[in-house]
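Shown next, in C-alpha cells, is the structure this report addresses.
In what follows, chains are A, B, ... by sequence order, proteins preceding strands, each numbered from 1.
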Amino acid sequence: MSWISVKQAAKAAPGTTVTLKGWVRTRRDSKADGGLSFIALHDGTCFDTIQIVAKGDIANYADVAKLTTHCAIEATGKVVQNPKGGNEVLVDGAGAGDGACIKIVGLVDDPDKYPIQPKPHSFEFLRELAHLRVRTNTFGAVARVRHSLSMAMHRFFDERGFFYVHTPIVTGSDCEGAGNMFRVSTLDFANMPRVKPEGAKTAAPDAPIDYAPDFFGKETHLTVSGQLNVETYCCALSKVYTFGPTFRAENSNTSRHLAEFWMIEPEIAFANLQDDAKLAEDFIKYLIQTMLNDRADDMKFFDERIEKGLLVRLKEVLDKPFRHLPYTDGIKILKEAIASGKAKFEYPIEWGKDLQSEHERYLTEQHFKQPVVLMNYPKQIKAFYMRENDPGTDGAPGPTVAAMDVLVPQVGEIIGGSQREERLDKLDARINEMGLPIKEYWWYRDLRRYGTVPHAGFGLGFERAMMFLTGMQNVRDVIPFPRAPKQCEF
RNA sequence: UCCCCGAUAGCUCAAUGGUAGAGCGAGCGGCUGUUAACCGCUAGGUUCUAGGUUCGAGUCCUAGUCGGGGAGCCA
C-alpha cells in the first residue's frame, strides 16, 4: 500500500489499496449494512474531497463515527467506484488483512466551538481567522491559484530570456517618491539621538533626529518599488524583472489596498512604449491561459460561486487584442459620452487631469468592452522618470510622457508602465522641476551617462492580478495574512 | 484621512423603550450508499466597550473600538 494524495486518489485504478492522509471535511453516517460512515477527506492537493467509506465492522468504528470537521486521519483502504461515479476509498473489516484501517491522528477539541463549520461563512468573519480560513473551499482555492500564478509569472519571463533580480527590501534613498514609507531603524524610540550643534555636548530636545548612530548610518525605509533598482540590471542584462514584497504606509482603507503587497516589475532594454504594451498584453494573456489550464478545478469553483461569468470574462480578454488609445483621444471619447448623454460622471473630465476609476471603467467596460491600453499621459500628472514625448504627439494640447495604463473590465487599472527617460539632460530637468533631491539620484543618473539606452517597463500588483483572475472582491482575501491599517494580526 | 452603514448564541440574522428568538452548526436519538442529506429532542447569551437618559435600554443619546461599502492615495 502506498500513501497518495487526494488528487492522485481521484484517478487511481480501482482495486488498489492506498493510504490517504488528510482532514475530515464532513461525516455522514448510515445504519444500513451493519453501519457506515461517509467521510469527505481533503488534503489541499486539489479542490475536491474524496469520500472514505468506513464500514461498521472495523475495529475502531465507534471512534470513527465521532469524527468532526477537520479531525486529522490516515485512512488505508481499497479504491472502488462510487455508485454515482468517481472514486472512493472503502475501509472495511474484510480488508484488515491488507492493512485497511482508519488511524485518528488529531482530534478537534470542543467541536461545537470550532469556528470553521461545514457551512457558508462570510469573508469578513474568516478574515479574523486567517490561520484557519485556508481550510475552507474558497481560501484553499485562492492559495492554490496564488501559487500557480506566481509560478506562471516566473515561467513566462524565464521562457522569454528574462533574468529574475532580487531588488532590496530596505532602501536607503527617499527618492522613489511613491507615497509614505515605513521607517526601518534600530534607534531607541524612547530616547532618539538628536543632532548636536557643533562643539556642543548636548542637543536640544526638538533638534532634528541624528541618524548617524542608526544601523545603516542614515535614514532607511522599506521599499515602495523595485523599479529604480531593477533598471540598473536592465541596463546590463537587457531583460529583467523583479517580484517581491512592497510596502506603502498609506492610510488606505479600501478593498483594493494593502500596506504589504507583492509587485512584479519587468524592465526591457532597447525598447519603447509599444514594446512595453506588447509585453504587458502577452503577459496578461499568458497568465489567464495558464490558470485556465493548470487550475481548472479551482477556476470552475470561482466561476460558479464567487463571480458568475468569470470564465467568460477571462476568455473574452484572451480572445480580443488590447485596444490602444492615446490619453488625449480617451478624453475626447469621455467628453463626447457626456455631451451625448451616454454617461454621467461624478468628476469632471479635463485634459491634464488624471482619470478617475469611473472614467477608466467607462472606457473599458462600456465604450470598448475590451481591455484598453491608455497611452501618452500629460507630463504633469506622471512620475519624473517617464520619457517625455515629442511636442504634439497624438495632437495633445500640452506636453506628454510615454506612460501607459492597462485597463480591464471589472477591475480597472491592472498595469501601469512607461518608457523611461534615457536622456540625462531631460531627466535632470524633470528632477529639478519636481523639486526632488538630485544628489540622491546619482546612481540612477549614472545609467544615463554610461551607455544609456531606451528602456521601458511596467508594474503589476500581484494581488490585483489575483482579484482579476479569481473574481474575489477584497484584496485582503487573496493574500494569506493581510497587512493594512490597524491590521497586523497573525 | 473623509462620507455612509453596521456590531445580539459557534456562524448568518430577527426582536413597537416592557419575559432575548429562528435557521444553520454542535450534542443525543431516529431514518437512510450518504454526499449542502432528512426528521425529532437538547444545550448554547456580559446583546462590542465606557458613560448617560428612563420606573425600565438589545432598542434612545454621547464617546470610543472594531468591521463593511464608497471616496482619496495608488498597485
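Base contact: A:Arg256 has a heavy atom under 4.0 Å from a base atom. Nucleic acid contact for A:Phe125: sugar-phosphate only, since backbone atoms but no base atoms lie under 4.0 Å from a heavy atom of the residue. Across all strands shown, A:Asn253 has heavy atoms under 4.0 Å from base atoms, whether or not it also approaches the sugar-phosphate.
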Set out, line by line, the N/O atom pairs under 3.5 Å between protein and nucleotides 39-42 of chain B.
none

Close N or O pairs between protein and nucleotides 24-26 of chain B (under 3.5 Å):
| from | atom 1 | to | atom 2 | distance (Å) |
| --- | --- | --- | --- | --- |
| B:C24 | O2 | A:Lys119 | NZ | 3.3 |
| B:G25 | O2' | A:Gln117 | OE1 | 3.4 |
| B:G25 | O2' | A:Gln117 | NE2 | 3.3 |

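Taking only side-chain atoms of A:Glu88, from C-beta outward, the nucleotide of B:G33, B:G70, B:U1 with the closest atom is B:G33.
Pairs of residues two or more places apart, or lying in two chains, that qualify as salt bridge (charged side-chain N to carboxylate O under 4.0 Å, His left out) and include a residue from residues 131-143 of chain A are A:Arg133-A:Asp477. The ring pair (Phe, Tyr, Trp, His ring centres under 6.0 Å) contacts involving residues 63-96 of chain A comprise A:Trp23-A:His70, A:His42-A:His70, where partners must be two or more places apart or lie in separate chains.
By the neighbour-count criterion of 12 heavy atoms within 6.0 Å, atom CZ of A:Arg155 is densely surrounded, having more than that number from other residues, nucleotides or ligands. Within a 6.0 Å sphere centred on OH of A:Tyr233, heavy atoms belonging to other residues, nucleotides or ligands number 12 at most.
Remark: A:Thr26 is not in phosphate contact with B:A36, judged by side-chain N or O atoms under 4.0 Å from OP1 or OP2. Residue A:Arg127 has a polar side-chain atom (N or O) positioned under 4.0 Å from OP1 or OP2 of B:G68. Regarding contacts with the backbone of B:U12, a side-chain N or O of A:Ser122 is found under 4.0 angstrom from either OP1 or OP2. Regarding contacts with the backbone of B:G33, a side-chain N or O of A:Ser30 is found under 4.0 angstrom from either OP1 or OP2. Neither OP1 nor OP2 of B:C2 sits under 4.0 Å from any side-chain N or O of A:Asn251. The phosphate of B:U35 (OP1 or OP2) has no side-chain N or O of A:Arg28 nearer than 4.0 angstrom.
With sequence neighbours excluded, no residue satisfies side chain to side chain donor-acceptor pair (under 3.5 Å) with A:Lys239. Residues satisfying the side chain to side chain donor-acceptor pair (under 3.5 Å) test with A:Arg387, not counting sequence neighbours, are A:Glu422. With sequence neighbours excluded, the residues satisfying side chain to side chain donor-acceptor pair (under 3.5 Å) with A:Glu281 are A:Lys285. For A:Arg27, the salt bridge (Lys or Arg N to Asp or Glu O under 4.0 Å) partners at least two apart in sequence or on another chain are A:Asp29. Under the side chain to side chain donor-acceptor pair (under 3.5 Å) criterion, A:Asn251 pairs with A:Asn253, sequence neighbours left out.
Between B:G45 and B:G68, the two C1' atoms lie 24 Å apart (nearest whole Å). If you take atom C1' in B:C73 and the same atom in B:A57, they sit 42 Å apart, rounded to whole Å. Rounded to a whole angstrom, the distance from the P atom of B:U59 to that of B:U46 is 16 Å. As rounded to the nearest Å, B:C60 and B:C5 have P atoms that lie 13 Å from one another. Taking atom P on both nucleotides, B:A43 is separated from B:G23 by 14 Å, rounded to a whole Å. With P as the reference atom, B:C28 and B:U16 are 36 Å apart, rounded to whole Å. Spacing between B:U47 and B:G58 at atom C1', rounded to whole Å, works out to 5 Å.
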Using a 3.5 Å limit on both pairing distances, list the dot-bracket string of RNA chain B from the 5' end; Watson-Crick and G-U wobble pairs count, crossing pairs take [ ], interstrand pairs take |. (((((((..((((....[..)))).(((((.......))))).....(((((..]....))))))))))))....
Just distance, no hydrogens or angles: give the donor-acceptor pairs under 3.5 Å from side chains in residues 483-490 of chain A, sequence neighbours left out.
| from | atom 1 | to | atom 2 | distance (Å) |
| --- | --- | --- | --- | --- |
| A:Arg483 | NH1 | A:Glu489 | O | 3.0 |
| A:Arg483 | NH2 | A:Phe490 | O | 2.6 |
| A:Gln487 | OE1 | A:Arg476 | NH1 | 3.2 |

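For the pair A:Leu427/A:Tyr441, no side-chain contact is recorded, criterion being any heavy-atom separation below 4.5 Å from C-beta on.
Interface residues of residues 53-62 of chain A facing RNA chain B, ordered by number: A:Val53; criterion, heavy-atom separation under 4.0 Å.
We find that A:Glu463 and A:Arg146 are joined by a salt bridge, their nearest charged nitrogen and carboxylate oxygen being less than 4.0 Å apart.
For the pair A:Arg476 CZ and B:C66 P, the computed distance is 12 Å after rounding to whole Å. If you take CH2 of A:Trp262 and P of B:C74, they are 24 Å apart, rounded to a whole angstrom. Between A:Lys31 atom NZ and B:C38 atom P there is a gap of 17 Å when expressed in whole angstrom units.
Ranked by how close their nearest RNA chain B nucleotide is to the 5' end, A:Lys84 and A:Pro115 are led by A:Pro115.
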